[in-house]
**Q** 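Mind looking over this structure? Questions follow.
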Amino acid sequence: MIRLLHAADLHLDSPLGSLPPDKARLRRQEMRALPEKLRSLAESEGAQLVLLSGDVTDVPEPARETVDALSAALEGMEVPVFIAPGNHDFVRSGGFWERLGQIGNVHVFTEPRLSCVEVEELGLRVWGAGYRDSVCPPLLRDFSVEGAGDWLDVLVLHAVLTRGSSPYCPVTEEELAGSGLDYAALGHTHSYSGERSAGGCTFAWPGCAAGTGFDECGEKGVILADIGERRRRLRFVPLGERRFHSLSVDAAGDALTAALAALPEGAERDVWRLILTGEREGRVDLDALRAALSGRCFHLELRDDTTARTELWAGCGELSLRGLFLENMKERLAKAGTEEERVTLQLALRYGLAALEGGEEP
């Protein structure tokens with residue numbers, strides 16, 4: 001069994017557009033500690049190999065401070081490190097990957113075609129390729145390792161699993177099944193895949209190592225994988241980074257009370273978006289609410305999606321199109337069998353009234 005650490009999509013130097021400039025700058029500085037976290041985890045968990053499946057940086061020319069932090073962490077790992085640059089951190093002539101590729105224990109795949117490096121002391125071959133532009137053609141079509149069974153074969157690649165077309169090195173389960181690979185360490189998709197298999201190939205992607213926006217909510221981390229000839233075990237390891245959260249909050253009553261109840265203990269560490277919903281008299285004073293919640297989050301975004309309170313059922317049963325519509329919807333709601341059906345009917349009711357009355361869509 002070989003233990004490897006598989007990480008991807010660190011996106012160092014991300015612009016972090018969901019944050020105000022001062023918080024984004026601070027967060028970028030914090031994220032420069034991610035490579036050192038990987039080094040420390042590899043050491044504490046006894047990883048014998050580190051695979052980085054692309055988009056280590058968010059830009060092809062990161063800041064000097066970022067390259068310095070990455071270089072120090074990679075050199076300190078003291079185990080073989082294999083990197084497959086992706087569509088954000090693609091290889092450029094004279095770029096930073098040339099510097100990092102000079103570190104003795106680091107191999108950067110710099111060409112958009114598959115090649116392999118033998119790690120004899122581990123009985124392992126590492127296959128990989130790197131982007132030289134922001135796009136990459138499919139590379140696993142008709143690919144199969146040579147001499148499968150004599151080595152453990154692993155792949156590190158920034159690729160998207162799809163049967164359709166994609167500019168980001170599309171691969172299919174059928175291609176992985178026919179590849180002869182023991183483990184495929186993929187990147188690009190920002191949510192953890194879980195352990196998956198195709199034929200004799202186990203494959204996974206860890207998702208991004210840290211959220212950079214509200215489309216990347218929740219815990220983020222890396223994969224520790226134990227890979228043997230017939231046995232594979234994968235474990236997702238959170239990195240403890242600041243998380244993004246998006247919550248809907250019923251603000252039909254007092255908005256501050258509802259918001260305070262929604263924010264759990266420890267909320268000050270993370271980034272939150274509260275979407276205020278429900279029927280109420282008048283809109284929420286977002287500036288006052290934001291001031292009252294100051295300091296309770298690393299950053300707080302508020303959105304008022306409340307609607308004006310109306311007497312929905314007024315006129316139900318009247319001899320008019322509106323009255324008949326309301327009567328019909330009331331009967332259907334009474335017969336609704338699930339909460340999902342009830343919510344859908346309530347929304348249909350509001351759309352119908354807006355159409356009948358020439359009002360704004362809900």
**Q** Yes or no on salt bridge (charged side-chain N to carboxylate O under 4.0 Å, His left out) for R99 and D68, after CA distance, side-chain angles and deciding distance?
**A** CA-CA 10 Å; R99 169 186 165 184; D68 289 345; 3.1 Å; yes
**Q** Taking atom types as modelled and ignoring hydrogens, do the side chains of H88 and Y131 form a donor-acceptor contact shorter than 3.5 angstrom?
**A**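 No pair is found: no donor N or O on one side chain lies under 3.5 Å from an acceptor on the other.
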**Q** Cation-pi check, R132 to F90: give yes when NZ or CZ is under 6.0 Å from the six-membered ring centre and within 45° of the ring axis, no otherwise.
**A**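 No - R132 does not lie over the ring of F90 by the 6.0 Å and 45° rule.
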**Q** Got a second to check how far L349's CG is from N328's CG, nearest 0.5 Å?
**A**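 Answer for the CG-CG pair, L349 versus N328, is 10.5 Å.
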**Q** State whether F203 and R196 meet the cation-pi test: NZ (Lys) or CZ (Arg) under 6.0 Å from the six-membered ring centroid, and within 45° of the perpendicular axis.
**A**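 No, R196 does not lie over the aromatic ring of F203.
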**Q** Indicate yes or no: does R290 engage D287 in a salt bridge with an N to O separation below 4.0 Å.
**A**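 Yes.
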**Q** Indicate the ring-plane relationship of H245 and W272, choosing parallel, tilted or perpendicular according to the 30° and 60° boundaries.
**A**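 Plane angle under 30°, so parallel.
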**Q** Is the CG atom of D22 crowded by more than 12 outside heavy atoms at less than 6.0 Å?
**A**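 Yes, enclosed.
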**Q** Nearest 0.5 Å please: distance from the CG atom of L10 over to the CG atom of L70.
**A**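 Between L10 CG and L70 CG, I get 8.0 Å after rounding to 0.5 Å.
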**Q** So do the side chains of P85 and V56 get within less than 4.5 Å of each other, counting heavy atoms only?
**A**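 A side-chain contact is absent here, since even the closest heavy-atom pair is not under 4.5 Å.
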**Q** If I take atom CZ from residue F82 and atom SG from residue C116, how far apart are they, to the nearest 0.5 angstrom?
**A**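 One finds 9.5 Å between CZ of F82 and SG of C116.
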**Q** Show the nearest heavy-atom pair for residues L293 and A259, with the distance to one decimal.
**A**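 Closest approach of L293 to A259, heavy atoms only: CD1-CB, 3.9 Å.
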**Q** Applying side chain to side chain contact (heavy atoms under 4.5 Å, CB included), run through R296 and E268 and close with a yes or a no.
**A** CA-CA 5 Å; R296 294 186 176 269; E268 68 278 358; 5.8 Å; no
**Q** Roughly how far, to the nearest 0.5 Å, is SG of C297 from CG of D270?
**A**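 Nearest 0.5 Å value for the CG-SG distance: 8.5 Å.
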**Q** What are the two closest non-hydrogen atoms of R269 and F298, and how far apart are they?
**A**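 Distance-wise, the nearest heavy atoms are O-CB, 3.8 Å.
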**Q** Check for a donor-acceptor pair, side chain of T277 on one end and backbone N or O of V249 on the other, with a separation under 3.5 Å.
**A**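 Present.
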**Q** When you compare the side chains of R342 and Q346, does any donor N or O come within less than 3.5 Å of an acceptor on the partner?
**A**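 There is such a pair between these side chains.
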**Q** Which heavy-atom pair separates G54 from D89 by the least distance, and what is that distance?
**A**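 Heavy-atom minimum between the residues: C-OD2, 3.9 Å.
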**Q** Is any NZ, NE, NH1 or NH2 atom of the basic residue among E45 and R235 found under 4.0 Å from an Asp or Glu carboxylate oxygen of the other?
**A**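 Yes, E45 and R235 are salt-bridged.
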**Q** Strictly by modelled atom types, are R32 and T66 linked by a side-chain donor-acceptor pair under 3.5 Å?
**A**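 Side-chain D/A pair, R32 to T66: present.
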**Q** If you look at every heavy atom in P137 and P170, which pair is closest and at what distance?
**A**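 Smallest interatomic distance, heavy atoms only, reads C-CD, 4.4 Å.
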**Q** Got I103 and S71 here, is their nearest side-chain heavy-atom distance under 4.5 Å?
**A**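 Result yes, sub-4.5 Å side-chain heavy-atom pair found.
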**Q** Does a side-chain N-to-carboxylate-O contact under 4.0 Å join E341 and R332?
**A**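 No, E341 and R332 are not salt-bridged.
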**Q** Between R280 and D250, is the closest basic N to carboxylate O distance under 4.0 Å?
**A**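 A salt bridge is absent here (no side-chain N lies under 4.0 Å from a carboxylate O).
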**Q** Does CD in E340 sit with more than 12 non-hydrogen atoms of other residues, nucleotides or ligands closer than 6.0 Å?
**A**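 Open: at most 12 neighbouring heavy atoms sit under 6.0 Å from CD of E340.
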**Q** Could you tell me the separation between the CZ atom of R231 and the OG1 atom of T202, rounded to the nearest 0.5 Å?
**A**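 Going from the CZ atom of R231 to the OG1 atom of T202 covers 12.5 Å.
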**Q** Is W127 close to V154 at the side-chain level, that is, under 4.5 Å between some pair of heavy atoms?
**A**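 Answer no - side chains too far apart.
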**Q** For a side chain to side chain contact (heavy atoms under 4.5 Å, CB included) check, start with the C-alpha distance between H299 and R273, then their side-chain angles and the critical distance, and finish with the verdict.
**A** CA-CA 9 Å; H299 175 66; R273 171 191 281 165; over 6 Å; no
**Q** What are the two closest non-hydrogen atoms of K220 and E216, and how far apart are they?
**A**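 Heavy atoms of K220 and E216 come nearest at CE-O, 3.5 Å.
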**Q** Which heavy atom in L234 sits nearest to a heavy atom in A204, and how many Å separate them?
**A**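 Taking every non-hydrogen atom into account, CD2-CB, 3.6 Å.
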**Q** Is a salt bridge present between R163 and E174, judged by a nitrogen-to-oxygen distance below 4.0 Å?
**A**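 Looking at R163 and E174, the cut-off is met.
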**Q** Can you list the steps and then say if K330 with E327 is a side chain to side chain contact (heavy atoms under 4.5 Å, CB included)?
**A** CA-CA 5 Å; K330 193 170 186 178; E327 186 175 27; 5.8 Å; no
**Q** Determine whether more than 12 heavy atoms belonging to other residues, nucleotides or ligands lie under 6.0 Å from atom CD of E331.
**A**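 Above 12, so yes.
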**Q** I need the R303 CZ to L274 CG distance, nearest 0.5 Å.
**A**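 Atom-to-atom, R303:CZ and L274:CG are 11.0 Å apart.
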**Q** Please determine whether salt bridge (charged side-chain N to carboxylate O under 4.0 Å, His left out) holds for the pair R39 and E43, giving the CA-CA distance in whole Å, both sets of side-chain angles, and the decisive distance to 0.1 Å.
**A** CA-CA 6 Å; R39 186 210 64 77; E43 180 182 29; 3.1 Å; yes
**Q** Ring centroids only, cut at 6.0 angstrom: are H190 and H11 within range, meaning strictly under it?
**A**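 Yes, close enough.
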**Q** Please answer whether the main-chain N or O of E357 pairs with a side-chain N or O of R322 as donor and acceptor at a distance below 3.5 Å.
**A**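 Not at all, since once roles are kept as given, no pair shorter than 3.5 Å links the two residues.
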**Q** Check whether any side-chain heavy atom of L114 lies under 4.5 Å from a side-chain heavy atom of L155, and answer yes or no.
**A**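 Side-chain contact under 4.5 Å: yes.
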**Q** Is there side-chain contact between R125 and L152, with at least one heavy-atom pair below 4.5 Å?
**A**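 Counting from C-beta outward, R125 and L152 never come under 4.5 Å.
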**Q** Just checking R141: does its CZ atom have more than 12 heavy atoms from other residues, nucleotides or ligands closer to it than 6.0 angstrom?
**A**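 Counting other residues, nucleotides and ligands, CZ of R141 stays at 12 neighbours or fewer.
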**Q** Under a plain distance cut-off of 3.5 Å, with no hydrogens placed, do H158 and N87 share a side-chain donor-acceptor pair?
**A**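 On atom types as modelled, these side chains qualify, holding a pair under 3.5 Å.
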**Q** Tell me whether the count of non-hydrogen atoms from other residues, nucleotides or ligands lying under 6.0 Å of CD in E78 goes above 12.
**A**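 Open: at most 12 neighbouring heavy atoms sit under 6.0 Å from CD of E78.
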**Q** Where do D226 and I2 land on the side chain to side chain contact (heavy atoms under 4.5 Å, CB included) test, with the steps shown first?
**A** CA-CA 5 Å; D226 294 320; I2 294 172; over 6 Å; no
